[in-house]
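Read through the structure below, which is laid out as structure tokens, and then see the notes.
This one's a predicted model, so the numbers in the text were calculated from it and none came from an experiment. Reminder, nothing fancy here: chain letters follow the sequence lines and each chain counts from 1.
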Amino acid sequence: MKTAYFPGCSMAGTSREFSSSLKEVLALLNIELNEIDDWSCCGASSAHVTSHLLATALPARNLNLASQQGYDEIFAPCAACYSRLLMVSREVNNNKKMAAKVEDVLGEKLLPTPNVVNLLEYFTQIDKEKLAQLKKIDLSGLNVACYYGCLLVRPNGINELDDSEQPASMEALVSITGAKPVDWNFKTECCGAAHSIPHTNIVEILSKKIIDDAVAHKADIIVVGCPMCHSNLDMRQRKIKKDYPDTKETPILYLTELLGLSFGIDYNKLGLNLHYIDPIKLIEKRLEKEAVK
Amino acid sequence: MAQLVETAKELLKSGKVSYIIGYTAHGDNGTKPFIARTEADAEKLVFNHHCVNNLSVYINKADIPENGNIGIIAKGCDIRTITMLVQENQIKREHIYIIGVNCNGQVKDIGMNWEKENVAQKCALCEVRTPALYDVLVGDLEDFEKPEPTTMQLIQQIEAMTPKERWAYWQEQFDKCIKCYACRQACPLCYCDQCIVDKNEPQWIETSPTSRGNLSWNIIRALHQSGRCVGCGECSRVCPMGIPIGILNVKMNMISMRDFGFKPGMNINESTLVGSYNFTEKENFIR
Amino acid sequence: MNEYIITSTNINQLAGELLNEGYNVVAEAEDGTAFIAVAAGSNVILNPFGKPTNLSPKQYIFPKTETLFYYKKSQTDVEIIDPTGLGHKTVIFGTKPCDSAANKILAKVFNWDYKDEFFNKRVENTVVIGLKCGYRDAQCFCTSVGLSPESGEGSDVFLTPLENGDYLAQTITEKGAKFVEEHKKMFDAISADKNKPVPMPEAPAKKFDAAKVKVWLDSNFENEFWDGLGDLCLGCAQCAYVCPTCHCFDIVDENFDYTSGRRVKNWDCCQFTMFTKHASGHNPRSVQSDRFRQRVNHKFKYYPDRFDMILCTGCGRCSRGCGVGMDISEIVQAIDNLK
Amino acid sequence: MKIGVFVCECGENIGRTVDCKKVAEIASHYPGVAYSVDYKYMCSDPGQNLIKKAIEDYKLDAVVVGSCSPHMHEKTFRKVCSSMGINPYLVEIANLREHCSWIHDNIAEATDKAADLIRLLVEKVKYNEPLFPIHVPVTKQALVIGGGISGIQAALDIANAGFKVVMVEKEPSIGGHMSQLSETFPTLDCSQCILTPRMVEVYQHPNIKLLTYSEIENVEGFIGNFKVTIRKKARSIKEDLCNGCGMCIQKCPNKKTAKSDFDEGLTTRTAIYVPFPQAVPNIPVIDRTVCTYYKNGKCKICVKVCGRDAIDFEQEDTILTEEIGAIIVATGYKLYTIDKKPADSPIQGYGEYGYGQYKDVISGLQFERIASASGPTAGEMKRPSDGKEPKKIVFIQCVGSRDESKGFSYCSKICCMYTAKHAMLYKHKVHDGEAYVFYMDIRAGGKNYDEFVRRAIEEDGVNYIRGRVSRIYEENGKYIVKGEDTLAGLPVQIDADMVVLATAMVAQPESPKLAQILSIPYDKYGFLAELHPKLHPIETSTGGIFLAGSANSPKDIPECVAMASAAAAKTLVLFGSDMLEREPIVAKVDESTCIGCLYCKKVCPYNAIEIKEIRNRNGELIKTVAYVNTGLCQGCGTCNATCPSKSVQLLGFRDDQIFAQLCAFADTI
Amino acid sequence: MEENKFEPRIVAFVCNWCTYTGADLAGTSRLKQLPNARLIRVPCTGRIDPIFLIKAFESGADGVLVSGCHPGDCHYNSGNFHARRRWMFFKELLEFVGIDEKRVHFSWVSASEGKKWVDIVDGVIETVRAEGPFNEYEQINKKNMIPIE
């Protein structure tokens, strides 16, 4: 199994901390990510509301690049990229007409599409023991709400990793760190990503509900695996708090950051310093508490 | 082929098999089917490029007195027929000891020289140079120049014809037929005690070698083979009149491949095509 | 016996003329599978050095299928209609001695207790233009059955290839002489200087002594020699149908519809399981070895007994064509070598 | 052969477009036809007499009648002829009406065709052979698989008619799902009260042999002559000794080891247990998976307390075989698993409803238990999580059913009714409570059914909301039910105390396996298939095997009972005669030419082809050939067409008969 | 029928339970249809041996129609499934040896599809009429049948 790495725009931009923490963690597992050479937009942004063909051709190109470069699996940490790549690989395989059109657009033959995996699948593939061995700091005492958002375990029936309504795979990974995943309601509720730019007010309402429910179930932090979720929950949280003062400030971490923490990686290396809602204070507090006990 | 001889001797010595059906040298550079009953006989066994015969035909056609288990030397293609015979209840798997051979190509017909233009058609698209099923495997694979798949080409030519042309083509071919039934007798899967053509009351197929009888004979034979024929090509080979009967079967096989992804005799555990069905199946030709 | 020269061009000329005269003209097919009708304008293939055709020219005097009569039933009676066009005038070019010789052998059985008009009419109306044979292979054994690649036995006119490509034509029978007379202008007189026959390879060595073999057969119907002899025979009729002398046939009725049909005579073969199978299900020749013994005996014992002729011309077709390498000459040879 | 041809004018019906005189005239010239005549009404008495007379006068030995479709009068004319000593299968019917006169105008053409149709059959009938009905003996003992209400009803009907019945139930007690129910719609009478007496009746009936905690191992044979192998699982109790005092159960130390299936997991039970107090038979079972003794070889308290040393830890499964004449399959249903989907199952679960995650989101049957006086709450409305009385309750219909995305397209049929019932029961118990029902449609077809639903809405004030629920989540002790009111076109949100999911009926997971054992078809959901949805809803494609209850498809109690009685009736019809008479149109093997490739066996829809070994005098095997079990063969002839050597022939439609027809066709103008 | 006009001769093999009954329905509903088809009734399409079709052609048919129950409706559960698989090969085989597909027709006609039956019968007859007489087969028949004719 030769795996390609598809960063997508977020990893290079809004979610640099995701990217860096991921790299750091994998480094410990001495896994090196080999980026697809000359990758391009995954078509998630506005492509698929403007042109279906474009939205198909863009990911198809990347899939094909990967195949051409001899990869049989693509790892797309960004849930949006993942979703696009997955859906398109399905489409070109099942819809010959579309495949032909795409080939026409790209001006090249489509090779057998590689297997597409997201953050959860990627880490679930890694041997649990290996991860457990890396654990330096026990995060028990840290209550974590695992938030999957709308893409990580969907679409139902295609994404076979986990149940799309009551997923549990992230919890499994989180518990490696010793942190306690809380049982809560909004694991797969909408964060408003689609409206992120045009209707921030909607985003606020939706995101607030998520944060509130997490808090209501005693979560200290929310762990995510998707840049969109992260930006909505983290970046917008200040504004949310401004508009709804009752909101309890809750740091939002990427799964990789949480793992990194327990693997004893330096905060800044993980990019914890880049968060809008500073997680570091809270974490320190918790960990001290542990220490005192 | 010391390995082959040794294996054969061992089998006969141990009494695992009462005899072994194999090939022995015949003529200048030919072979012929041969039954080894003793270790001395086993010495005479050979395997080379001239072992085109499909010996599995002897499993239930020959009058060889059957006592105990049989050993047989078989190429991948022959073993596909053996698989069919097992699936069709003609022999129990445990009663036949298969000495599989890695096959490096065969000549078109007994006694031909081993040259590219003499390589049998069945070797052109062979997938079972190493058999899918055997009790012991002997010999090593060596590369050889595959022949042009002229059979396929011929089929495509015929398909390209108009119905009337096709009809004319086959009439010309079938008119040659003298009803010697060499095709039937040489076919390991034509094992009926009394072939439909030998049945009167009613005489579905006229026995006379005339255009009527010959047409229905060849059609019905191809039909009875469809989904069963493994394309060993013996029928075409033994036809004294040089009628390319085999391609009818090849054509049928192409259909079973296209519509069911099914190749007869490849997997002994797979259910046969004839006698099984799927609820939904190609029926665009049915109104 | 008169001798003439006929040029290869004249042979084709002759063929054309014969067609105009309404003859069936028959000669080797290009692919060498059989003797076929020569179409107007196409050349007659003479192939002295080529392998004998897969199928012998037997079919022109004893066809693979022949309608004996047609019938039409009504509620009360049956109407019988004779077939037409029986025994059409035919000329066969270039039969090798081993083929030409066959007709005489067959004539015996077809005129034995009952005179077979179908056969006789055909022989009567057929002119056989034989050809000296220059082909030798492992299966040839004409010399072992008292023939030779050079004999005109059974031909009406016998051709010998000359070095300049012409042929020496010898009239063997009355019919032959008459035929040549009728087409005189195609035949030139012999001119001593340029009549060098093409040198022929040595006649095939005798494989066995037929007389000696018969003696053994006379007393060894039951003998372990026969056991398992046919084990590997597939029991098809290739050997019999290509054979110039095999003459077994089967008579069946075929319906066209519910009132009319025909009675046909088709080739049959002693190697078929069904050949001797009784209605009861009992089969006196139950295993292939019995059937093969029958084949050998019929050719080298029964026929000689009855007609003082061996039912074999040594053309070796049966062996060449056999899919599993059964070779009758080898087997008879083996008998010869016994004890 | 002397064949008589009788052309019927059917009044004007045939006569108008077919010149029957001419047809009869033409037919009279066909070879083999000894007599040919036309008449106005062949099926009338004079017509029949005309045929009889002709048979006598002309010594006819076969008859072709040109008349209406054989589906109309074949029987009639066959009777007429057999009354004159002609075997009914030497009579053929040419369809001159439906297939000729009624569909053509041109008299010449129609007449030609009529003559042809008759000629074809004249030729065929020449090859017809006399056939005689096949008689198979009937074992007059029925097997009822399943001891639910359907099985009970069928068993009692048959037993009361005086025939022996073997009832096999896989659970330790009979009663099935009905015994779990509290009240039943539309009358709200107590389920237990009407069921228990019947259970006891079964137990005590002299004609019924009750085998609980048993399963069908194998079924051989055919209608009237089945041989059934039954596995009686080890109860670890000697049934003959146990008097059901229940001491062992009281004293069993591991009280809470297992969830109670009967209470749908709402309560726990001991390792040695009877499923429920009114269980029949009232004999405990030891659950070997949890019992301490089987775990670590110690305990044996039950042995000590049992006054009749009925406990037998070494007891093993026993295999018994029964001779059976007819089988009634009443294996019932199972509830759809609402839980989040199991990794292996192709069915999507309802994770969004949080069943299994939230204690107070429960299934229909669980609600039945809560509502039931014999249930865990003794019939009081208490929610599982904290035992509080739910003040707001939401019922969701069509959970599992009618939902393609979850893999079920069918309607579970009973949910509308039982949800209405649930809502009512709730309102009757919690007067100040609010009940909401989310529905797609209300399907209340049936006697007093719609009235029942209306009552729930109008008298008991249950709020019906037309729409689906998208999500349920818990928020400080409340369950937020988010859905849509499609009539108002508005999203709705209800903070409920308890949610009841009207889960669909699905087939028993084992039913495909059972179907294979019985060789009867089943649909893609695993429900057992009837022979014909309208005309043969009880029969299966295998003669002598009948269906009852929801093993066939979702059904409510009245339907199950009706169907069970119907199945019983079918069985009694079968038992009515000692010999079973069957159409002799069956396949026959020519063993002399059969080569035993057994493709016929592969294609036979009825497993009617068996393998027969042919041995010589010394008992050595010569060959194996196909053999047709005429008891099973239904006469489709697929084997005949498949057989390469035509060694198997379908009597009545043999090759030579069809060949003859085709030869006759050759003369068609 | 006047001489010059060609009237195709059609043999129709139909199953007893669906198509034959469907044809009955067509009759009882008085749906007019062309008179060129001759029905041969068999219990099930499973019984229809491809060899019937060949014999039909030998017997001078210009076209053949085979019809039975829809998949799943088979009175014998699975007879028509095996038939369907058989035809799949047979049809292409016939085409391959030069028997035009326009002369061999297959259909599912249920007992309730009287109208469909009529459409199919008329359809087949017209297609074959357009094809003209099956000369190829006539010729090989003649070869045997001389001098009768």
Side-chain angles (χ1 to χ4, degrees), chain B residues 155 158-159 161-171 173-175 196 202-206 208 210-227 247-256 258-260 273-287, chain E residues 45-46 49-55 57-58 65-68 70-72 74 77-109 116-117 119-120 123-124 131 134-137 139-145:
Chain B
I155 290 178
I158 297 173
E159 284 169 339
M161 299 179 185
T162 67
K164 282 203 166 27
E165 287 166 345
R166 266 185 244 127
W167 177 268
Y169 173 84
W170 283 112
Q171 279 304 307
Q173 295 302 331
F174 292 155
D175 277 343
I196 180 166
Q203 187 78 55
W204 280 119
I205 300 169
E206 289 169 2
S208 313
T210 58
S211 19
R212 258 162 78 112
N214 292 352
L215 178 67
S216 30
W217 161 246
N218 286 290
I219 291 182
I220 289 304
R221 186 173 174 280
L223 189 78
H224 285 180
Q225 289 293 344
S226 50
I247 75 169
L248 287 172
N249 304 330
V250 177
K251 169 72 178 170
M252 292 296 99
N253 284 353
M254 288 161 70
I255 296 172
S256 63
R258 183 197 65 206
D259 293 343
F260 305 101
L273 195 64
V274 184
S276 55
Y277 68 87
N278 307 326
F279 190 93
T280 51
E281 213 164 82
K282 177 185 175 191
E283 59 173 23
N284 52 7
F285 62 94
I286 306 175
R287 286 199 276 162
Chain E
T45 41
D49 190 324
I51 207 167
F52 296 177
L53 279 66
I54 295 179
K55 188 63 196 175
F57 284 126
E58 279 188 5
L65 168 61
V66 176
S67 183
H70 287 268
C74 180
N77 305 340
S78 58
N80 57 354
F81 290 131
H82 295 292
R84 178 173 63 186
R85 199 165 263 203
R86 227 180 273 138
W87 302 341
M88 197 182 302
F89 285 102
F90 189 58
K91 182 169 177 300
E92 297 210 29
L93 180 56
L94 289 185
E95 282 174 51
F96 193 62
V97 297
I99 295 180
D100 197 315
E101 57 177 332
K102 299 200 194 65
R103 300 192 181 277
V104 190
H105 298 264
F106 304 90
S107 67
W108 303 133
V109 174
K116 181 179 179 185
W117 171 249
D119 297 343
I120 285 187
V124 170
E131 277 302 288
F134 199 169
N135 290 334
E136 295 92 327
Y137 232 112
Q139 280 156 13
I140 72 169
N141 281 341
K142 283 224 175 65
K143 278 197 198 161
N144 301 43
M145 297 202 197

Considering non-hydrogen atoms only, spot the tightest contact between [X] and [Y] and give its length.
{"X": "F96(E)", "Y": "R166(B)", "answer": "O-CD, 3.2 Å"}
{"X": "I219(B)", "Y": "L93(E)", "answer": "O-CD2, 3.5 Å"}
{"X": "F279(B)", "Y": "F81(E)", "answer": "O-CE2, 3.5 Å"}

Tell me, for [X] versus chain E, whether the close heavy atoms (under 4.5 Å) come from the side chain, the backbone, both or neither.
{"X": "S208(B)", "result": "neither"}
{"X": "Y169(B)", "result": "neither"}
{"X": "D175(B)", "result": "side chain"}
{"X": "K282(B)", "result": "both"}
{"X": "E206(B)", "result": "side chain"}
{"X": "W170(B)", "result": "side chain"}
{"X": "L273(B)", "result": "both"}
{"X": "S256(B)", "result": "both"}
{"X": "I196(B)", "result": "side chain"}
{"X": "E165(B)", "result": "neither"}

Steps toward side chain to side chain contact (heavy atoms under 4.5 Å, CB included) verdict (E136(E), L215(B)): CA-CA 12 Å; E136(E) 295 92 327; L215(B) 178 67; over 6 Å; no
Please examine the side chains of [Y] and [X], heavy atoms only from C-beta on, and report whether any two atoms are closer than 4.5 Å.
{"X": "E95(E)", "Y": "E159(B)", "answer": "no"}
{"X": "I205(B)", "Y": "I51(E)", "answer": "yes"}
{"X": "I140(E)", "Y": "W167(B)", "answer": "yes"}
{"X": "E281(B)", "Y": "M88(E)", "answer": "yes"}
{"X": "N80(E)", "Y": "E283(B)", "answer": "no"}

Part of F57(E) lying under 4.5 Å from any heavy atom of chain B: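 For F57(E), there is no contact with chain B at all, as no heavy atom is under 4.5 Å.
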Segment of I54(E) engaging chain B (4.5 angstrom heavy-atom cut-off):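 Interface part for I54(E): side chain.
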Under 3.5 Å: donor-acceptor pair, side chain of R85(E), backbone of S276(B):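 Indeed, once roles are kept as given, a pair shorter than 3.5 Å links the two residues.
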Y277(B) backbone acceptor or donor facing R84(E) side chain under 3.5 Å: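 Side chain of R84(E) to backbone of Y277(B), a donor-acceptor pair under 3.5 Å: no, none is there.
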Interface residue of largest heavy-atom contact number with chain B, from L94(E), D100(E), V97(E), under 4.5 Å: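 Of the candidates given, the most pairs with chain B belong to V97(E).
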When K55(E), E92(E), Q139(E) are compared by non-hydrogen pairs under 4.5 Å with chain B, the top option: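 Most heavy-atom pairs under 4.5 Å with chain B: E92(E).
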Approximate separation, where rounding is to 0.5 Å, of R212(B) CZ and E58(E) CD: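 Answer for the CZ-CD pair, R212(B) versus E58(E), is 4.5 Å.
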Value rounded to 0.5 Å, distance of CZ in F90(E) from CE in M252(B):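 Here the interatomic distance stands at 10.0 Å.
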